[in-house]
Peer 1: 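Just dropping this structure here.
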Amino acid sequence: MAAQFHRIVDRPGTPVPFTIDGEPADARQGDLLITAVLLHRPALRRFEFGAASRAGFCLMAACQDCWVRLADGRRVRACSTVVEPGMAVLIEGGGPG
Amino acid sequence: MRAAEALARAGLKPIVLDEAERPGGQVYRQPPVAVGRFSSAIYGFEAHKADAIHRVLADCRDRVDYRPGTLVWNLFGDRLDLLTRDGHAEQRFDRLILATGAMDRSLPFPGWTLPGVFTLGGAQIALKAQGVSIGRRVAFVGAGPLLPLVTHQYAKAGVDVVAALDATPFGAKVAQARGLLASPATFAKGLWYTARNRLHGVDVKHGIQSLRVEGDTHVETLVWRDAAGAEHHVACDAVGASFGLRAEAQLADLAGCRFAFAPDSRQWFPERSAEGRSSVAGVYLAGDGARIGGADVAELQGARTALAVLEDLGRAVDRREVARLDRALAQQARFRQALDAAYPFPRHLLDAIGDGEIVCRCEGITAGTLRQAARDKEAREVNRAKALTRIGMGRCQGRVCGEAAAELLAHACGSELQDVGRLRGQPPVKPIPIAVARLGVRSLENAAGALAESAAR
Amino acid sequence: MSERLQVDVTIIGGGIAGCAAAVALRGAGLTVALLDKGLCGAGASGVNFGGVRQQGRDLAELPLARRARPLWDRLNERLGEDVEFHASGHLKIARAEAEMAELERHAKAAADHGLRLQLLGANEVRSELPWLGAEVVGGSLCAEDGHANPRVVGPAFARLARRLGADVREHAAATSAASTGSGFETRSERLAIKSRFLVNCAGVGAGKVAAWFGEDVPLTPQVPNMLVTEPLPFFITRSIGVCGGGVYLRQIARGNAILGGGAGWGDATSDRSRPLTAVSLAAMTKALAIVPALAGAHVIRTWTGIDGQMPDHIPVIGFSATTPNLVHAFGFSGHGFQLGPVVGEIIAELITQGRSTSPLAPFAIDRFANPASIEPASAVGSEQ
């Protein structure tokens with residue numbers, strides 16, 4: 001699947017396994033959740049009020065565009081949340097929002 | 001950080017409530033600790049300033065109560081409501097310095113809500129805080145000095161920057177050259193970025209007339225009209241676009257600070273004296289959260305405001321330091337004035353916003369709905385327009401759409417921008433978990449009881 | 001230099017009641033001027049929970065609420081826009097047997113007024129609303145109750161009033177009103193209005209207006225403490241209240257959950273009000289007890305406003321006790337929203353016919369003439 005973000009700076013980091021809609025993916029320790037997801041996918045969530053997706057906008061916790069739903073029921077702002085092992089992000093499977 | 005440093009030096013122990021996990025704000029934002037240090041090449045010229053700010057905390061750690069990961073979501077009287085890792089907490093203050101910074105100012109354009117469109121600031125944060133590019137073929141659009149900077153940073157990092165478009169005229173920069181020389185180092189840097197951009201094969205195009213992003217589910221093409229009116233198409237998969245900065249002044253609003261409209265920036269700011277005092281005793285303002293001035297001004301104001309606090313506490317202050325800061329700020333003000341004139345707000349982009357364009361990203365409300373409210377529902381003021389259209393009712397509470405909505409409303413009513421007012425603020429200034437109440441309410445039990453009792457009388 | 005107007009009726013207060021009165025009076029062919037201190041509908045009419053509710057009212061209000069109910073069905077057509085009225089049903093939850101008994105008593109009494117309430121046991125309630133987390137022993141459902149968008153109803157009534165030829169003046173607080181030989185003169189900063197009749201529906205400011213005519217009423221400010229969440233998948237299909245009060249909540253079709261409970265801080269003189277953190281946090285906790293599935297949601301906004309409250313929690317509606325041709329309608333104590341449209345009709349009846357078809361005796365302004373008989377307010381905020 002087409003990814004939005006691309007790593008530019010080569011840096012070491014412990015792999016952080018997580019899942020997107022149940023599919024396993026690897027991030028690196030220190031990746032924000034928005035980075036982790038967009039390195040593998042073109043978007044973060046489905047928009048509530050139209051047939052569209054959203055992928056974040058400001059990356060500084062201001063625009064509130066990057067809220068994602070986790071399988072454990074939590075909703076987190078992807079640009080201000082560091083990815084943790086085992087995080088289960090729901091893009092398609094969680095319903096809009 | 002400069003305010004905290006100055007207060008600590010004077011023997012106070014200031015509390016620094018930082019929403020981020022590490023100091024630096026956005027301009028000098030640090031990656032998460034686990035990322036380690038990126039090369040100073042990422043920060044470019046500003047690396048030494050970034051390092052200096054990051055070191056401030058380390059240098060006075062024992063004299064500053066630094067609380068990262070703390071969102072201040074409300075202010076009432078002398079009390080702050082905090083969201084921390086452990087849930088809800090309350091913090092009283094005798095004096096408060098609000099240094100809440102700014103965010104990119106957005107303008108809607110066709111396709112701006114497609115995945116792959118970010119702000120210029122967002123594009124920069126991706127690179128400097130995460131070492132990632134927002135796309136493989138990236139286009140940048142701006143109306144301020146951030147545009148050539150981000151263009152340079154991306155091009156230098158080896159990203160394919162396919163376009164760098166300035167919505168303000170080149171002539172404005174030429175006309176302001178003398179004023180810009182008030183800060184020769186910054187002016188030289190600007191020239192340097194321009195030269196380096198050329199070397200990387202990226203020419204910043206000035207005076208663009210219009211832009212739109214095309215794509216089915218995602219950014220595919222940027223279409224733009226140049227200063228001569230010719231249309232260009234460039235294939236891309238990411239766009240970084242924003243048009244100046246807007247102050248994050250929500251807490252100043254909740255504090256009851258008086259706001260004034262600034263015609264040059266076309267936005268409302270909390271009133272701030274040259275020393276940093278707001279219209280509310282005990283509340284002080286510094287940096288972009290009070291007036292857009294840039295990072296250097298923010299540092300100077302932080303220090304200057306701390307001295308005003310010390311004066312108001314009856315402490316002696318170093319008058320030479322005060323004079324030094326005031327001189328530096330005056331020089332910066334001259335530069336800033338020229339910079340603002342070099343990058344005038346690109347109002348012409350608003351003319352191209354059709355009725356079908358989304359103005360409010362959070363709620364998906366179109367320009368047509370706003371215009372209809374002005375035309376048919378007597379909405380002449382932004383809060384009424386919000387109530388009738390839902391513009392500004394989303395998670396961001398008008399941060400992204402507020403200024404553009406005010407511009408469109410004023411235009412639709414035939415009013416001056418100032419006359420449509422500004423959005424009224426209420427807590428929380430950012431979303432807070434409904435479950436926060438389950439943690440930390442214990443600390444407010446007595447207070448809740450007392451309040452409930454007194455309200456019932 | 002004041003602008004001078006002469007009309008049949010001056011209305012002080014552009015909330016739903018005042019604007020609905022203007023509409024009804026225009027329908028009867030009277031000329032009308034209306035003054036509001038700010039924008040119409042921005043007071044209590046615009047900041048309340050949005051409950052369109054007959055259940056749970058003081059029995060004295062039921063005839064008015066019953067009369068108002070069909071007006072809501074036709075409101076979109078009448079106003080020419082969508083006020084988002086949805087007959088979701090209002091479910092009042094009992095979490096103890098004593099509360100269930102209370103609901104049963106109320107259901108019997110309501111039936112006498114023609115309001116049908118369905119009493120539901122724990123299993124019935126849970127099978128319809130499996131997400132309910134509270135220790136529910138049962139509930140009382142009013143299937144025809146529901147909710148609407150309070151922010152748009154008042155302004156829509158004001159615009160209809162204007163279209164019908166009422167002279168509606170905003171940002172025009174009434175600074176004085178007094179009897180003249182032949183009626184009234186009402187003034188604002190730039191207006192002087194002569195009229196035969198005067199209507200006082202000035203919300204929390206109505207006490208001041210009544211005092212201009214020698215009527216002291218124990219009207220006090222009431223500050224609703226409201227919260228709203230981000231948009232969430234829709235699942236709360238009923239408007240929810242609980243016995244014992246404390247919290248009430250509803251979810252709109254777009255997904256935001258609106259909740260309220262308790263009182264915020266307000267100062268009627270300066271017209272300032274703010275939600276109180278402890279009250280908001282308490283409402284959030286109580287909401288989670290009833291709807292645990294909200295646990296992952298975020299509150300994105302809180303708000304308040306200032307309503308007018310009477311000691312017995314029912315309004316003043318009716319003629320002045322001191323001054324002929326002065327009609328009062330205020331003190332809705334946090335539950336005037338559903339009544340607004342019918343209060344306008346009642347005001348028009350009083351003016352055009354000298355009486356109303358609805359029983360207004362319980363709402364007489366002079367029921368407080370004997371201060372010793374006043375029951376002090378025992379509840380904070382509105383019981384929804």
Side-chain angles (χ1 to χ4, degrees), chain A residues 1-14 16 27-39 41-67 73-84 91 96-97, chain B residues 19-21 25-26 29 31-36 38-39 42 71 101-104 106 112-119 121-127 129-136 154 157-159 217-219 237-238 242 248 358 361-365 394-397 399-400 430-431 433:
Chain A
M1 213 174 299
Q4 181 66 49
F5 284 359
H6 303 275
R7 285 202 202 276
I8 296 302
V9 176
D10 201 12
R11 67 170 180 89
T14 315
V16 176
R28 236 168 259 176
Q29 206 170 13
D31 282 345
L32 297 166
L33 191 57
I34 188 172
T35 302
V37 176
L38 293 183
L39 283 171
R41 292 287 189 279
L44 294 171
R45 66 179 181 102
R46 289 212 255 123
F47 180 53
E48 298 96 333
F49 307 116
S53 293
R54 291 293 171 87
F57 188 58
C58 77
L59 269 76
M60 51 177 284
C63 75
Q64 315 303 325
D65 191 85
C66 66
W67 286 89
R74 279 186 294 160
R75 304 174 70 88
V76 296
R77 193 172 43 215
C79 74
S80 57
T81 306
V82 172
V83 70
E84 288 161 17
I91 299 178
Chain B
E19 193 183 340
E21 296 297 333
Q26 296 307 323
R29 181 158 162 179
V33 173
V35 170
F38 284 141
S39 149
I42 288 273
L71 168 68
M103 64 176 286
D104 297 75
S106 295
W112 75 298
T113 60
L114 279 171
V117 178
F118 300 90
T119 59
Q124 192 185 49
I125 288 164
L127 188 61
Q130 294 279 274
V132 302
S133 166
I134 57 170
R136 280 214 195 285
Y154 265 66
V159 180
T217 58
H218 199 264
V219 172
D237 64 348
S242 48
E248 289 277 83
I358 288 180
R361 280 180 78 91
C362 296
E363 296 281 305
I365 312 297
R395 291 180 181 92
C396 93
Q397 291 290 297
R399 278 180 175 81
V400 174
K430 287 193 182 176

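Per chain, numbering begins at 1; letters A, B, ... match sequence-line order. Given the structure is predicted, the values throughout are model-derived calculations rather than measurements. The figures that follow rest on heavy atoms only: side chains count, while hydrogens, waters and symmetry mates do not.
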Peer 1: Could you go through the side chain to side chain contact (heavy atoms under 4.5 Å, CB included) check for A:Thr35 and B:Val132 one step at a time?
Peer 2: CA-CA 8 Å; A:Thr35 302; B:Val132 302; 3.7 Å; yes
Peer 1: Sort A:Ala62 into side chain, backbone, both or neither according to what part of it lies under 4.5 angstrom from a heavy atom of chain B.
Peer 2: both
Peer 1: Under 4.5 Å heavy-atom distance to chain A, tell me which part of B:Glu363 shows up: side chain, backbone, both or neither.
Peer 2: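 Backbone plus side chain of B:Glu363, per the 4.5 Å heavy-atom cut-off to chain A.
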Peer 1: Where on A:Arg74 is there a heavy atom nearer than 4.5 Å to chain B: the side chain, the backbone, both, or neither?
Peer 2: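 It is neither, since no heavy atom gets under 4.5 Å.
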Peer 1: Please state whether the side chain, the backbone, both or neither of B:Val219 comes within less than 4.5 Å of a heavy atom of chain A.
Peer 2: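 Looking at B:Val219, nothing touches chain A.
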Peer 1: Taking side chain as everything from C-beta outward and backbone as N, CA, C, O, which of these in B:Glu21 sits under 4.5 Å from a heavy atom of chain A? Side chain, backbone, both or neither.
Peer 2: neither
Peer 1: May I ask you to decide if A:Ala61's main-chain N or O and B:Lys430's side chain share a donor-acceptor pair within less than 3.5 Å?
Peer 2: yes
Peer 1: If you take all heavy atoms of B:Ala34 and A:Arg11, which pair is closest and at what distance?
Peer 2: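 Shortest heavy-atom separation between B:Ala34 and A:Arg11 comes out as O-NH1, 4.3 Å.
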Peer 1: Most heavy-atom pairs under 4.5 angstrom with chain A, which of B:Leu71, B:Asp104, B:Val117?
Peer 2: B:Val117
Peer 1: Taking side chain as everything from C-beta outward and backbone as N, CA, C, O, which of these in B:Thr113 sits under 4.5 Å from a heavy atom of chain A? Side chain, backbone, both or neither.
Peer 2: both
Peer 1: How many angstroms lie between atom CZ of B:Arg399 and atom SG of A:Cys63, to the nearest 0.5 angstrom?
Peer 2: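 So the CZ of B:Arg399 and the SG of A:Cys63 are separated by 10.0 Å.
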Peer 1: Taking side chain as everything from C-beta outward and backbone as N, CA, C, O, which of these in A:Arg7 sits under 4.5 Å from a heavy atom of chain B? Side chain, backbone, both or neither.
Peer 2: both
Peer 1: Work out which heavy atom in A:Leu59 is nearest to a heavy atom in B:Gly122; give both atom names and the distance.
Peer 2: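 Smallest heavy-atom distance, with atoms named: CD2-O, 3.5 Å.
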Peer 1: Are side-chain heavy atoms of B:Pro115 and A:Ser53 found at a separation under 4.5 Å?
Peer 2: yes
Peer 1: Under 4.5 Å from any heavy atom of chain B, what part of A:Leu38 do you find: side chain, backbone, both or neither?
Peer 2: side chain
Peer 1: I'd like to verify something: which residue of A:Ala3, A:Gly56, A:Ser80, A:Ala43 has the highest number of heavy-atom pairs under 4.5 Å with chain B?
Peer 2: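 Looking at each of A:Ala3, A:Gly56, A:Ser80, A:Ala43 in turn, A:Gly56 comes out on top.
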Peer 1: Should the pair A:Phe57 and B:Trp112 be assigned to parallel (<30°), tilted (30 to 60°) or perpendicular (>60°) ring geometry?
Peer 2: perpendicular
Peer 1: Is the backbone N or O of B:Pro431 less than 3.5 Å from a side-chain atom of A:Gln64, with the two atoms forming a donor-acceptor pair by type?
Peer 2: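 No.
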Peer 1: If you count heavy-atom pairs under 4.5 Å between each of B:Gln397, B:Arg136, B:Gln26, B:Gln124 and chain A, which one has the most?
Peer 2: B:Arg136
Peer 1: Any donor-acceptor pair under 3.5 Å linking the side chain of A:Gln4 with the backbone of B:Asp237?
Peer 2: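 Yes; judged by distance alone, with no hydrogens or angles, the pair exists.
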Peer 1: Checking B:Ser106 against chain A: side chain, backbone, both or neither under 4.5 Å from a heavy atom?
Peer 2: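 Contact with chain A: side chain only.
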Peer 1: So which of A:Met60, A:Arg28, A:Gln29 has the largest heavy-atom pair count under 4.5 angstrom toward chain B?
Peer 2: A:Met60
Peer 1: Which bit of B:Val400 is near chain A, if near means a heavy-atom gap under 4.5 Å: side chain, backbone, both or neither?
Peer 2: side chain
Peer 1: Quick one: are A:Asp65 and B:Arg361 in side-chain contact, heavy atoms under 4.5 Å?
Peer 2: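 Sidechains of B:Arg361 and A:Asp65: in contact.
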Peer 1: A side-chain contact here means heavy atoms from C-beta on lying under 4.5 Å apart; do A:Leu32 and B:Pro32 qualify?
Peer 2: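 They are in contact (side-chain heavy atoms under 4.5 Å apart), so the answer is yes.
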